[in-house]
Each structure stands twice: as structure tokens, then as C-alpha cells.
Number of protein chains: 2
Amino acid sequence: MLDERSKKVLYAVIQCYINTPGPVGSRVVTKKYHFGLSPATIRNIMSDLEEMGYLSQPHTSAGRIPTDSGYRFYVDSLSAEKQLVNNVLTAELNKKFELIKKDINSFLDDASKMLSELSHYIGITMSPNTGMTTLRKIELLKYRDNRLAVILFTDEGIIQNRIVPVVPDISQRELNRIAEYINSRFKGRSLDEIKRLILKEMTKEKVLCDSLISEAIRICRNAFSAAPGNIYISGLSEVLRLPEFCDINRIRELLQTLEAKHIIVNLLDNIADSEGTQVLIGAENILDEMRQFSLVAATYKEGSRPMGTIAIIGPRRMNYLETISIVDSTAQFITKLLS
Amino acid sequence: MLDERSKKVLYAVIQCYINTPGPVGSRVVTKKYHFGLSPATIRNIMSDLEEMGYLSQPHTSAGRIPTDSGYRFYVDSLSAEKQLVNNVLTAELNKKFELIKKDINSFLDDASKMLSELSHYIGITMSPNTGMTTLRKIELLKYRDNRLAVILFTDEGIIQNRIVPVVPDISQRELNRIAEYINSRFKGRSLDEIKRLILKEMTKEKVLCDSLISEAIRICRNAFSAAPGNIYISGLSEVLRLPEFCDINRIRELLQTLEAKHIIVNLLDNIADSEGTQVLIGAENILDEMRQFSLVAATYKEGSRPMGTIAIIGPRRMNYLETISIVDSTAQFITKLLS
DNA sequence: CTTTAGCACTCTCCACGTCCGAGTGCTAAT
DNA sequence: ATTAGCACTCGGACGTGGAGAGTGCTAAAG
């Protein structure tokens, strides 16, 4: 459908445009890439590419800029070269992350900074939604008179604590029994699952009226409400260097979106379902405010279960090859760390 | 030094400028505030005020804008009116924060959002540097074979967990003994203090060579390294509406500063020492990048010990009365919550 | 039939000049 | 001491015009 020569011209235009924004004309293409063709021929080809929807003209008698479909075509043809860059990056990542004894949250904070440093775009990392993590062990510790600290140990190495109100006269021994009960029944299940099971249990056993069990259920109900995953965003200042961010209103829109973190969390959660590294180019984004940007996202896993998502947001005129590689190998790197 | 009439003119100019940016001329002053004086007289007074350093002219034959000293004079004369606004705000705060069973971190996140919503500037909150918090109780729980979870309960209601590597063959019973030892010796002291004491202990008791104690010390050394306080920043998009943020480079500088959170942490930590609500106007800021902005900060306390800091960053042309009130009453509000 | 050279045309960007309005400072009158 | 009047200054808006980059078309060449 697209002959080899046209492809080469398309890629050339895209690469030119990525390097220096602003419409790219037929002359620069002939100068930078030696196809052995004259500007006139290139013009004809570019005209064809425009008809096919891969290029567009901001105004008559200006050069061409890639459309979203143009980028898409380019990105889809990239997978082959990707692996190559990946290997180089992975080596670099290993160097950067020598000291990782930290907990996962501050680790992800650093990771988002690293994403933005490497790419010069916006780096985003999300910690696993705790509802997905599996319980290894629960501990109940009396804290103040009417307060209980619930410590959840998960298989993923995440430790969480919640403070739960509790009847004042319960003893530590009773708490231990409750913890034991929970451990034996729910170990190895995800927190979300446990919460569901607990709710079922409630209706069943309330006839029993065992005050200890009912207190246990009450505690669990409070404790297993999943904490929303944290999200870390870095590189905002980085991205303001780019010429596409000369419009204040566009910046504000983006910032507004990024500040409403739950929106981003949702966005990335949806992506998390699909395999591999996802690329959303411009208008492919569901969010209106993101239409001017592209998003590259991947999930990191623990074993085979997806845990969290990392992503990079940049201009549509993004260095896709590099960015995809960075996201890809960082996700793989985190996955390896978690196992 | 400054007669009543001049003061009134100064305040009028400042208030005009706060409402609508752009140099304010003698005519608008006479129109909006009825001093019973003609523009010419106002001009003379404004000329005097300029000579005294309270006003300045961006260029000849333009109106006047306040200087940092002008704002300072204005702010210093404000304390009387402050209390009045405070009371109104406190009522509003109480309404907004009904459901605060959350842990302190997500609470501070919300608080920073609230600061920015109320002020339309940038809201910042810092969680207490954990080194300052006092130990109520420590629990050591074996987690994986060679991993130990240290749970620190503090008087301030903050629970922290650290994962510490440990010799594999230590039993839970031994851990309990170590915990008991730490509890008895260090309860009621701040984590920083404990860390210092531990270091001393090390040199003393290493002769003893009691393997249990030395293991305990090793654990503590790892566990009591204070986690840096978290910092929450909201309202970036809010502030971009303001006309002073039309310059991309200025935005970038600010974002860069805000992203380097440790810089802000340092800045606010310094302020935390002083009593009451602090106002830094423009060049009074130590940080170059903050010279274009003003900062209003206050500390919240637990009892009499300062715990953390909250702040608002806005343009120099800031509604100081309102902003100071917001910061002031929010700090008081948090203080009350913690007790 | 494909490629190329030549040419007229289009559109943006920038620099320059002009004009208008807002505001000042000064002086003289009240 | 205050005010009215007036000349002066400066920034911002507007329009114009030329330079530059790039296109599309046509006709010639391979």
C-alpha cells in the first residue's frame, strides 16, 4: 500500500520534525537524507502522503507536519529496532539503581524522576493499588486505648499500616486470636478478595453472635479498604523547555489534569490491562486535555500479575523510539527487582 | 515618619495593584478612593512615596507599582485586621474537614489542596520530619527469613514501618526481647535522639559482645534513620491564571524549584523555627528563584513542639490579608486536630 | 512514464513607522 | 497647600511592506 520510497520519505519528515519543530519542506528532506531525488519529486511524494492522511500542511505553501496517523504508522514500524536500544538502556538503569533498599514508594518516586531525566519528558509511576496485593500476614497491635494498628504484610513486600478504632476493653491476647484467625483463613488472597469475603461472612455469621468474631469482622472491614495507589509525577519543568509548551493555557490544562491525580490513575489503570508497552498518540487519548500529547505506558509485574504502571507523557512530536525503549526497559527492570 | 494621608494613598495603590495588575495612576486612585484630593495632589504624594522606596515606576510616565518595602509596610500594618478574618475562616475549615480519620499523610495532601483552593495560589504542606517524633512503642516482627519489619509507633499518631535486614536465625522471641529492651530504654525520646544515643552505646558496649544487644543495636541503627518529611504541593494550575505567569521561563524556574523538593523542605524548615506566621516578600526570599514570589508560612504543633510547616506561595502582588489569614487559621486548625 | 527544472504564487514572520491613550512632572494660579 | 493646565514621554496596537521559505503546476528531459 505504501511503497518503500514513500515510507522513507515519511520517516524522514517525522524525524526532521522530531528534531526541530516547524513544518519540514521538500528541500530540507533532500539535503539531510540523500535519496538521490530532487525536491520536486519529494514534493510529489509528500503530496501523496498528505492525501493518504499521514502528513498535513498547517497552511498552504508551508512544509508538512506529521499527523497522528503518520506517527502511528511510524511507531508501528518501530518494534524491530526497539530491542536494540533496550539493551543499552538496561545497562544504564542497572548503574543508576544500585542502592534500592528503600520501600516501594520512595523507590517509585525516584523511578519517576529517572524516567523524566532520561526522556526529558514527564515521568509517571504508580504504586500498585493495594487491593491487588496478596496478604502474607496480618498483625494487630493495640496502640492507644481505643485505637488499633493493623499491620498488613504482603507477598509483594509492601507493608501497610492502618489505624482502626476498636472497643476499648479488648485485650492484646484477643487481638492475637483474631489475627491468627484472619491469617489462617485469608493468607494468600488479595486484599480486595478478602474484603469481599468478609462482607459475605458478615451476613452469614451474624447469627452466631460470637462477639470476638464480629469484632474481627468489623476490624477487617476497616482495614481492608484498599489504599489507593500512590502516583508520582516528575519532569514538569523539563517539558516546559519544549516549544510546544509556549501556550500558557495548554500548560494549565495539562497541569490541571495532572493535579487531578485520580484521573491519571484511572487512565493508567485502563491501560494496565493490555500487554506490553502501549502508545497513545495525540487524539488517540481518551482525555480531551491529553489530545495535544502522547503517552507511552507499560506495566510492571510481580510474577505474572500486573502490579503497577509507569508512563511517560510528552509532546506528540516525541522521540518515540527512545521513549518507548525507556518505558519498556524501566518496566522490565522494576519487574525484575520485585521478583 | 509617614503621615496618615500618605499611608492611605500607599494602601490604595497596593490594593488597586492587587486587584488588577498593571501600574496604577493618580487618576484611578482618586476615582476609586474618595480622598477629596485631586489627581495632582495624589501625584505629589506618590512621588514622595517613591522617594521613600515604597513605590516604583516601571518606566517614566507610567503609573506606580508597590516595591517589596511597600508590601512589607502594608503587611506589617495588617496584624490588627487579621484576627477578624481568621474567625470566619476557622468556621469554614471546620465545615470542610469533617471526615479526618485518615493518616497524617493523606490528610496533609488534602490540606495542601485546600490551601490552594482557598487562596488560589500554591498550597504546600509538610509532614513532620519523623526524626522529631517521639517513640511510644516499637515492635519487631519477623517478615521473611532474613527480613525484619520494624514498626514504630509515635506519640504524634504516626506509624511507620521499615524493613531491615537481619541475621536469618534470630527467633521471634529474641526479637521480642530486643523490642522490650528498646521500649524500656528509649520510650518518650525522639527518633533523632535515639539514633544519637545508639551510636554512643555502640562504642561503649561493643566490648560486651553480647550478641543479642549488638544485633539490637544494628537493627536500631537501620530503623531510626529518620524518613524525610513528605511534602505536598497543590495549585500549580491555579496560579497559571495569574498574569504574572505569562513568562514561560519564570514558570519553569518555579516548577524546577518546587520539583526539587528538598530545597523547599530546607526553606520551610528554616522558617519553622520562628514563631507565628511568617511572610517573605519577593527579594526577602533567600532563594533566587523565589524572588518573584511571596511566601506565607506557619508551623503547626503538637502541644508546644513544632511538628510541620504549611505555606502558600503566590505572586508578590498577593492578597496578603486573606492569604495570611488562611495560612494562620489552617495551621491553628491542624494544631488543634493533633492534640 | 517518471523525474526534474523553472516559475509564479502564497503565506508567515519580522521590522519599521505611526498613532493613540494614559500618565507624569512642572509651572502658574488659586 | 492644593489644584488646573499643559507639554512631554512611553508602551501598545495597528498597518504596511519586504524577505524567505515552500508549494503546485507546467513543460522539458531522461
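Labels below follow one simple rule: chain letters A, B, ... track the order of the sequence lines, proteins then strands, and each chain is numbered from 1.
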*To the nearest angstrom, how far is I65(A) atom CD1 from dT12(C) atom P?*
14 Å
*Just how far, in rounded Å, is C1' of dT2(C) from CD1 of I45(A)?*
11 Å
_Per A40(A) side chain, nearest of listed nucleotides dT23(D), dT4(C), dG25(C)_ = dT4(C)
*Tell me whether the OP1 or OP2 atom of dT4(C) has a side-chain N or O from T41(A) closer than 4.0 Å.*
yes
*Expressed in angstrom and rounded to an integer, what is the separation of L55(B) atom CG from dG25(C) atom P?*
11 Å
*For dC8(D), take OP1 and OP2 only and decide whether either is under 4.0 Å from a side-chain N or O of T60(B).*
no
*So what does G22(B) touch, heavy atoms closer than 4.0 Å: a base, only the sugar-phosphate, or nothing?*
nothing
*asked:* By nearest atom, which of the nucleotides dG6(C), dT24(C), dT3(D) is closest to the Q57(B) side chain?
replied: dT24(C)
*Using atom CZ of R64(B) as one end and atom C1' of dC10(D) as the other, report the distance to the nearest whole Å.*
14 Å
_I want to confirm an ordering. Mapping G36(B) and S61(B) to their closest nucleotides on DNA chain D, which one lands closer to the 5' end?_
G36(B)
*Determine the interplanar angle of the Y71(B) and Y320(B) rings, folded into 0 to 90°, and report it as parallel if under 30°, tilted if 30 to 60°, perpendicular if over 60°.*
tilted
*Taking atom P of dT23(D) as reference, at what distance in whole Å does atom CD of E50(A) sit?*
10 Å
_Any carboxylate oxygen within less than 4.0 angstrom of a Lys/Arg side-chain nitrogen, looking at E284(B) and R291(B)?_
no
_Centroid-centroid distance, F245(B) to F293(B), less than 6.0 Å_ = yes
*Partners of R5(A) by salt bridge (charged side-chain N to carboxylate O under 4.0 Å, His left out), sequence neighbours excluded?*
none
*Separation of H59(B) atom NE2 from dT24(C) atom C1', in whole Å?*
10 Å
*To the nearest angstrom, how far is F35(A) atom CZ from dT2(C) atom C1'?*
18 Å
*Got a salt bridge between K7(A) and D3(A), using NZ or NE/NH1/NH2 to carboxylate O under 4.0 Å?*
no
*asked:* Rounded to whole Å, how long is the line connecting atom CD1 of I42(B) with atom P of dG25(C)?
replied: 13 Å
*Could a donor-acceptor pair under 3.5 angstrom be found where the side chain of R27(B) meets the base of dG23(C)?*
no
_Less than 4.0 angstrom between a side-chain N/O of R5(A) and OP1 or OP2 of dT3(C), yes or no?_
yes
